[in-house]
Amino acid sequence: MRKPIGSERSLEQGPERGITGEPGSPGDGSASPPPSSEGGRERDTTPLSTVVRVRSLLPSLPPAERRVAQRVIDDPEGVANSTITELAQACGTSETTVIRFCRAIGFHGYPELRLTLATEAGRAQSAAGGRVIGSDISPDDSLEQIVEKVTFADARAVEETASQLDIKMLEQVVDAVVAADRVDVYGVGASAFVAADFQQKLHRIGRICSAWADAHIMLTSAAVLGSTSVAIGISHTGATVETIDALEVARSRGAKTVALTNFPKSPIAEVSDLILTTAARETTFRSGATASRLAQLTVVDCVFVGVAQRTYGPTRKALEATYEAVRGRTVRTDRRRR
């Protein structure tokens with residue numbers, strides 16, 4: 001089983017502009033994941049990290065265990081307060097299935113799951129000041145409630161993504177991109193915007209990178225890659241046919257393949273040498289790809305900054321050159337409106 005990726009440490013910014021920011025605004029567009037210790041991390045440091053784990057494994061579970069998993073995702077506090085018999089009955093399954101589910105997600109048994117969920121639910125309520133935030137948008141919500149729920153979900157997506165990252169996997173991806181003579185990024189729909197963002201970032205520091213969203217162009221791009229190339233596929237579900245097919249072709253040509261997905265056991269994993277994972281929960285308006293997009297951008301930023309740091313000298317020169325190239329395209333501060 002492949003492991004999810006790791007978070008990147010905060011990086012030193014230059015005196016005029018940080019390597020993650022646009023000219024003149026060091027903090028623009030940068031998501032800084034929390035630092036992590038050498039050699040590993042403490043698990044369960046983010047509220048409801050068990051729910052994050054269950055959510056990522058949901059599509060790969062058998063139907064009966066999936067019903068138990070969905071119950072844990074929807075009402076972790078309720079599960080923590082239920083006996084194994086009550087949970088099995090509520091999910092229309094057996095106690096044996098509940099035990100199998102517990103073991104599938106890394107627990108010895110149901111008592112350990114209950115205790116962990118109770119602890120994490122209490123921590124989540126404490127972090128939210130006792131308020132219940134993050135539930136689905138309802139037709140009766142005020143605009144103020146919508147803002148609160150959306151921003152809470154977005155912040156949680158970034159925090160939970162950072163909490164489950166594996167630094168060793170991220171380091172391998174950074175190594176591959178640094179060594180590559182060419183990087184091609186594939187994504188359709190909302191993932192195409194994330195692919196374009198990554199392409200722009202790498203292009204800005206002088207890396208040869210292309211982002212593709214058309215199925216035919218993705219395949220023809222993959223067909224001309226080689227052993228010194230890297231192909232990155234972005235798919236929240238990990239089941240997007242166009243992206244999977246492109247990675248499969250790229251891999252057959254000897255390219256290093258990387259997947260960025262929310263589900264490490266999804267079909268895209270079968271054609272990927274390295275897997276980067278997010279931990280986003282889309283709710284009522286999933287088609288809007290809100291929290292998942294921010295989670296993907298966070299991981300992309302980690303990879304980009306890792307590459308930029310590894311090539312710090314050339315990166316600074318490239319940023320200065322690109323800044324000078326566009327500096328004259330801004331409105332002068334002394335220009336008056338007419």
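These values consider heavy atoms only, across backbone and side chains, with no hydrogens, waters or symmetry-generated copies.
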Original post:
Minimum heavy-atom separation for Gly238 to Ser266, with atom names?
Top reply: CA-OG, 3.3 Å
**OP:** Could you please spell out the steps behind the side chain to side chain contact (heavy atoms under 4.5 Å, CB included) verdict for Thr161 and Val299?
**Re:** CA-CA 8 Å; Thr161 292; Val299 176; 3.6 Å; yes
Original post:
Between Arg253 and Gly226, is there a donor-acceptor pair closer than 3.5 Å when you use the side chain of the first and the backbone of the second?
Top reply: no
**OP:** Step by step, work out the side-chain hydrogen bond (donor to acceptor under 3.5 Å, both in side chains) result for Ser229 and Arg182.
**Re:** CA-CA 5 Å; Ser229 306; Arg182 168 178 172 177; 5.6 Å; no
Subject >> Spacing of OG1 belonging to Thr277 relative to CD belonging to Gln164, to within rounding of 0.5 Å >> reply: 3.5 Å
**OP:** Answer whether the closest heavy-atom distance between the side chains of Thr278 and Thr298 falls below 4.5 Å.
**Re:** no
Subject >> Expected output: side-chain Thr97 to main-chain Ala64 donor-acceptor under 3.5 Å >> reply: no
**OP:** Could you grab the distance from atom OG of Ser191 to atom CD of Gln296, nearest 0.5 Å is fine?
**Re:** 4.5 Å
Subject >> For Met169 against Leu276, the heavy-atom pair lying closest together >> reply: CG-CD2, 4.3 Å
Original post:
Do Leu117 and Phe101 share a hydrophobic cluster, counting only Ile, Leu, Val, Met, Phe, Trp and Tyr and linking them when any side-chain heavy atoms are less than 4.5 Å apart?
Top reply: yes
**OP:** Look up atom CD in Glu112 and atom CD1 in Ile105, then write down how far apart they are to the nearest 0.5 Å.
**Re:** 9.0 Å
Original post:
So do the side chains of Tyr186 and Leu247 get within less than 4.5 Å of each other, counting heavy atoms only?
Top reply: yes
**OP:** Check step by step if salt bridge (charged side-chain N to carboxylate O under 4.0 Å, His left out) holds for Glu324 and Arg327.
**Re:** CA-CA 5 Å; Glu324 288 296 328; Arg327 185 172 61 171; 3.1 Å; yes
**OP:** Verify the cluster assignment for Val173 and Val178: are they in a single hydrophobic cluster under the rule of side-chain heavy atoms below 4.5 Å apart?
**Re:** yes
Original post:
Does a side-chain N-to-carboxylate-O contact under 4.0 Å join Arg156 and Asp154?
Top reply: no
**OP:** Answer yes or no: is there a side-chain heavy-atom contact under 4.5 Å between Ile275 and Thr261?
**Re:** yes
**OP:** State whether Glu248 and Arg251 are salt-bridged, where the test is any N-O pair (Lys NZ or Arg NE/NH1/NH2 against Asp/Glu carboxylate O) under 4.0 Å.
**Re:** no
**OP:** Measure the CD1-NZ distance between Ile205 and Lys317 for me, rounded to the nearest 0.5 Å.
**Re:** 14.5 Å
Original post:
Is the number of heavy atoms from other residues, nucleotides or ligands under 6.0 Å of Ile208 CD1 greater than 12?
Top reply: no
Subject >> Candidate pair Thr50 and Glu120, rule side-chain hydrogen bond (donor to acceptor under 3.5 Å, both in side chains), full reasoning >> reply: CA-CA 8 Å; Thr50 298; Glu120 294 175 347; 3.0 Å; yes
Original post:
Between Gln199 and Asp184, is any pair of side-chain heavy atoms under 4.5 Å apart?
Top reply: no
**OP:** Taking only Lys NZ, Arg NE, NH1 and NH2, and the carboxylate oxygens of Asp or Glu, determine whether Lys201 and Asp197 approach each other closer than 4.0 Å.
**Re:** yes
**OP:** Please check if the side chain of Thr93 supplies one atom and the backbone of Gln89 the other of a donor-acceptor pair under 3.5 Å.
**Re:** no
**OP:** Taking Asp141 for its side chain and Ile146 for its backbone only, find out whether a donor-acceptor pair lies under 3.5 Å.
**Re:** no
Subject >> Shortest non-hydrogen contact from Pro264 toward Asn262 >> reply: CD-O, 3.7 Å
Original post:
So if you build clusters from Ile, Leu, Val, Met, Phe, Trp, Tyr with side-chain heavy-atom gaps below 4.5 Å, do Val258 and Val307 land together?
Top reply: yes
Subject >> Side chains of Asp245 and Leu219 in contact at under 4.5 Å (non-hydrogen atoms) >> reply: yes
Original post:
At their closest point, which heavy atom of Ala118 faces which heavy atom of Ala80, and how far apart are they?
Top reply: N-CB, 3.7 Å
**OP:** Would you check, one step at a time, whether the test side chain to side chain contact (heavy atoms under 4.5 Å, CB included) holds for Ile244 with Thr240?
**Re:** CA-CA 6 Å; Ile244 294 172; Thr240 306; 5.6 Å; no
Original post:
Does any N or O in the side chain of Ser272 come within less than 3.5 Å of the main-chain N or O of Leu274, such that one atom is a donor and the other an acceptor?
Top reply: no
Original post:
Are any of the side-chain heavy atoms of Phe198 and Val194 separated by less than 4.5 Å?
Top reply: no
Original post:
Where do Ala280 and Ala295 come nearest, in terms of heavy atoms and distance?
Top reply: CB-CB, 3.9 Å
Subject >> Phe107-Leu87 co-clustered via ILVMFWY side chain contacts under 4.5 Å >> reply: yes
Subject >> Salt-bridge present (Glu65, Arg103; N to O < 4.0 Å) >> reply: no
**OP:** Check whether Val249 and Trp212 end up in the same hydrophobic cluster, where Ile, Leu, Val, Met, Phe, Trp and Tyr are linked by side-chain heavy atoms less than 4.5 Å apart.
**Re:** no
**OP:** Might you work through the side-chain hydrogen bond (donor to acceptor under 3.5 Å, both in side chains) test for Thr116 and Thr119, ending with a clear yes or no?
**Re:** CA-CA 5 Å; Thr116 303; Thr119 301; over 6 Å; no
Subject >> Donor-acceptor contact below 3.5 Å, side chain Arg67 vs main chain Gly92 >> reply: yes
**OP:** Take Leu170 and Cys302, measure what side chain to side chain contact (heavy atoms under 4.5 Å, CB included) needs, and give me the verdict at the end.
**Re:** CA-CA 8 Å; Leu170 177 61; Cys302 288; 4.2 Å; yes
**OP:** Please step through side-chain hydrogen bond (donor to acceptor under 3.5 Å, both in side chains) for the pair Arg53 and Ser56, ending with a clear verdict.
**Re:** CA-CA 5 Å; Arg53 192 187 325 158; Ser56 71; over 6 Å; no
Original post:
With side chains defined as the heavy atoms from C-beta onward, is the minimum distance between Phe304 and Arg207 less than 4.5 Å?
Top reply: no
**OP:** State, yes or no, whether a side-chain contact exists between Met218 and Val188 at a heavy-atom distance under 4.5 Å.
**Re:** yes
Subject >> Approximate separation, where rounding is to 0.5 Å, of Ile99 CD1 and Tyr110 OH >> reply: 11.0 Å
Original post:
For Lys256, does its backbone N or O pair with a side-chain atom of Asp273 as donor and acceptor, under 3.5 Å?
Top reply: no
Original post:
Taking it one step at a time, do Val54 and Gln70 satisfy side chain to side chain contact (heavy atoms under 4.5 Å, CB included)?
Top reply: CA-CA 8 Å; Val54 172; Gln70 193 61 58; over 6 Å; no
**OP:** Mind checking the CD1-OG spacing from Ile217 to Ser221? Nearest 0.5 Å is all I need.
**Re:** 9.0 Å
